[in-house]
Structure formats: C-alpha cells, structure tokens
Number of protein chains: 2
Amino acid sequence: MADPLDSVFAALADPTRRAILTMLLEDDMAVTDVAAPFEMSLAAVSKHLTILTRAGLISQERRGRVKWCKLEPDALRTASVWMQSFGQFEPVNLEAFERFLKVELSEAEPMETKDAPGA
Amino acid sequence: MADPLDSVFAALADPTRRAILTMLLEDDMAVTDVAAPFEMSLAAVSKHLTILTRAGLISQERRGRVKWCKLEPDALRTASVWMQSFGQFEPVNLEAFERFLKVELSEAEPMETKDAPGA
DNA sequence: GGCATATTCAACCGAAAGGTTGACGATTGC
DNA sequence: GCAATCGTCAACCTTTCGGTTGAATATGCC
C-alpha cells in the first residue's frame, strides 16, 4: 500500500475503528479502556489500534505498563482534503471551495443519508 | 454493512477505484473506456464499478449496449461531513488543498496518456 | 520474589476482497 | 441473419481481514 490514502480510508472503513476514533476525540485513553465498551476481545481491539496507528490516525505512547492512545488528526485532514476536491467540479476554483466549506461546516450536525442513485 | 460510511470508505480505500473517480471527475464514461487505462481485466474493473455504485459514489445508466458511469459526489459529502464534524483541526486550509491539487493532477496524467478515454 | 495487571504475539479460523478466465445475454451494424 | 462489441456472470484462486484463544512479555505493587 504505497499511497497513504489507501491505509487511511481502509482504517476508516471499519465501524469499530471509527468508534475508537470518536472515543479518542474526547481524551487520550489506555488500550484496556479503549477496549472496554466493545464486545470483542482485547487482542482484537489491539489489532484495530495497530491498524489505526499504521494509518497515522492515532499514536501510541507507552508509559510504564500502560500504552496511551492519542488521536492524530493530520492523517484525517489529508483524506478530507482529497474528498473535498470532489465536492465541487472546478478544480482550481478556490472561492467555490471556500463557499462550499462554509455551508458544509454549518451543516455539520445533521448527517443526512442518501441512497439509491438510480433515480 | 449497515452504515453507509462503511461502504463509502471501503470503496475509497482502493487506489483503482479512486483513480476511476478522478477520471469521472472530468466526464461521464462508458465501462470499456473506464477500463482502458488499467492493466487488469474488464471484468475486474466492472466489479470495481459495482462497488462504487453500491457505495453511491457513482451511478450507471444503460443506453443501448453502452453503460455510462457518472460521478455522484453526494455520497462523498456524507463521509466528508463525518470527518469534518470529527476533526479537531481547523477547517481544511486552502494551502493544503492547493498543494493536493498539484500533486494529484500531475499523478493523474500518465495514466491517461494511453488512450485518453473520455477526454 | 511473587503475583496481578497491561498488552502483544502466534496460531488458527471463516469470510470477504481482488484478481483471473471462459461462457453468456444484449445490442449494434453490415 | 450473423458477426462483432459491450458488459456481466459464474467458478475459481490467493491474500487479506476481522475475529478467536492461549501463551508470552513487560511492568507495577507489596
């Protein structure tokens, strides 16, 4: 996987890993505490954390016998920027991009879902 | 995969599919033309297009024996909003966007020098 | 030292991803 | 009508993914 976007998007594709990122948004956490809310084993969560780390989405720092997990938003920014480029069709129109962002951020709360493009 | 974010991010995790989306950014294309620049078989590309369709990232419309593929950016927006509402980082900065465009567009070029489908 | 705690490793498993090939159903054009 | 074109389907293969379990490796505590 040469392209970092590969690993970032692959990491984001799993609901458990997205939930972990959301948890880490509030605070840094130890591995055991990250694992607590999930039904799966600790080892499974540990694997998820490895995947998130390799994607650059989190960092892990060991202090004593506890490993602390910390959100690393930079990797998310890269992917976000990539996706933004599809939001508007004039690739170099930064004004449109700016307008788009304003609308986007103000609508950040209601996550509407759309499907069935067949229409 | 209940959550639409699952399928959207999973679709974006593959470099072939991201390349397809970039191609469709310029114009709607027939399946055969989409497949032309890639080394893999037509059937493989057809599968990728099915995945993109199920994620809602593109739509496919059959006219005669040709099936046209069209970008559907709305699905991307859902994922984008998720990342924005998530990010502690300041709203995507325009410099990063500009830098991204330069890199992305210069990388997209050699792929299309083959037969320039849909140009 | 000895034991509990924190985390990973290793081996294994079933399912899904991503690719191939060959056959097949439509559609078009001569 | 028949052959070429467009695209998918079906079967198959290999690799990766996401999970399990049990053992192993630190580390902290008394």
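Chain identifiers are assigned alphabetically (A, B, ...) following the order of the sequence lines, protein sequences preceding nucleic acid strands; residue numbering begins at 1 within each chain.
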Just the rounded figure in Å: distance from P of dG7(D) to CD1 of Ile51(B). 18 Å

Does any part of the side chain of Asp3(A), heavy atoms only, come nearer than 4.5 Å to the side chain of Arg18(B), both counted from C-beta? yes

Is there a side-chain contact between Ser80(A) and Gln84(A) in this structure, where contact means two heavy atoms from C-beta onward sitting under 4.5 Å apart? yes

Regarding Arg63(A), tell me which of base, sugar-phosphate or nothing describes its non-hydrogen contacts under 4.0 Å with the strands shown. nothing

Less than 4.5 Å apart, side chain to side chain, heavy atoms only: is that true for Leu76(B) and Leu57(B)? yes

What is the distance from CZ of Phe9(B) to P of dA16(C), rounded to the nearest Å? 22 Å

Within this structure, what is the CG-to-P distance between Asp6(A) and dT16(D), rounded to whole angstrom? 13 Å

Please report the distance, rounded to the nearest Å, between CE in Met29(B) and P in dC6(D). 13 Å

Are side-chain heavy atoms of Lys70(B) and Ile58(B) found at a separation under 4.5 Å? no

If the cut-off is 4.0 Å, is His48(B) near the phosphate of dA17(C), judged by side-chain N/O to OP1 or OP2? no

dG18(D) P sits how many Å from Glu39(A) CD, rounded? 18 Å

For Lys47(B) and dA11(D), what is the distance between atoms NZ and C1' respectively, to the nearest whole Å? 10 Å

Test item: Trp68(A) and Arg63(A) side chains (from C-beta on) under 4.5 Å apart, heavy atoms: yes

Is there a side-chain contact between Thr78(A) and Pro4(A) in this structure, where contact means two heavy atoms from C-beta onward sitting under 4.5 Å apart? no

Is there side-chain contact between Phe38(B) and Ile20(B), with at least one heavy-atom pair below 4.5 Å? yes

Picking from dT21(D), dG19(C), dG22(C), which would you name as closest to the side chain of Ala43(B)? dG22(C)

Here the distance between atom P of dA17(C) and atom CG of Leu52(B), to the nearest Å, is 13 Å

Measure from CG on Leu49(A) to C1' on dT8(C) and round the result to the nearest Å. 12 Å

Show me the protein contacts with nucleotides 3-7 of chain C, counting only N or O atoms at under 3.5 Å.
{"from": "dT5(C)", "atom 1": "O4'", "to": "Arg65(A)", "atom 2": "NH1", "distance (Å)": "3.3"}
{"from": "dT5(C)", "atom 1": "O2", "to": "Arg65(A)", "atom 2": "NH1", "distance (Å)": "3.0"}
{"from": "dA6(C)", "atom 1": "O3'", "to": "Arg65(A)", "atom 2": "O", "distance (Å)": "3.2"}
{"from": "dT7(C)", "atom 1": "OP1", "to": "Val31(A)", "atom 2": "N", "distance (Å)": "3.4"}
{"from": "dT7(C)", "atom 1": "OP1", "to": "Lys67(A)", "atom 2": "N", "distance (Å)": "2.8"}
{"from": "dT7(C)", "atom 1": "OP1", "to": "Lys67(A)", "atom 2": "O", "distance (Å)": "3.4"}
{"from": "dT7(C)", "atom 1": "OP2", "to": "Thr32(A)", "atom 2": "N", "distance (Å)": "2.7"}
{"from": "dT7(C)", "atom 1": "OP2", "to": "Thr32(A)", "atom 2": "OG1", "distance (Å)": "2.1"}

Below 4.0 Å: OP1/OP2 of dT20(D) and any side-chain N or O of Ser41(A): yes

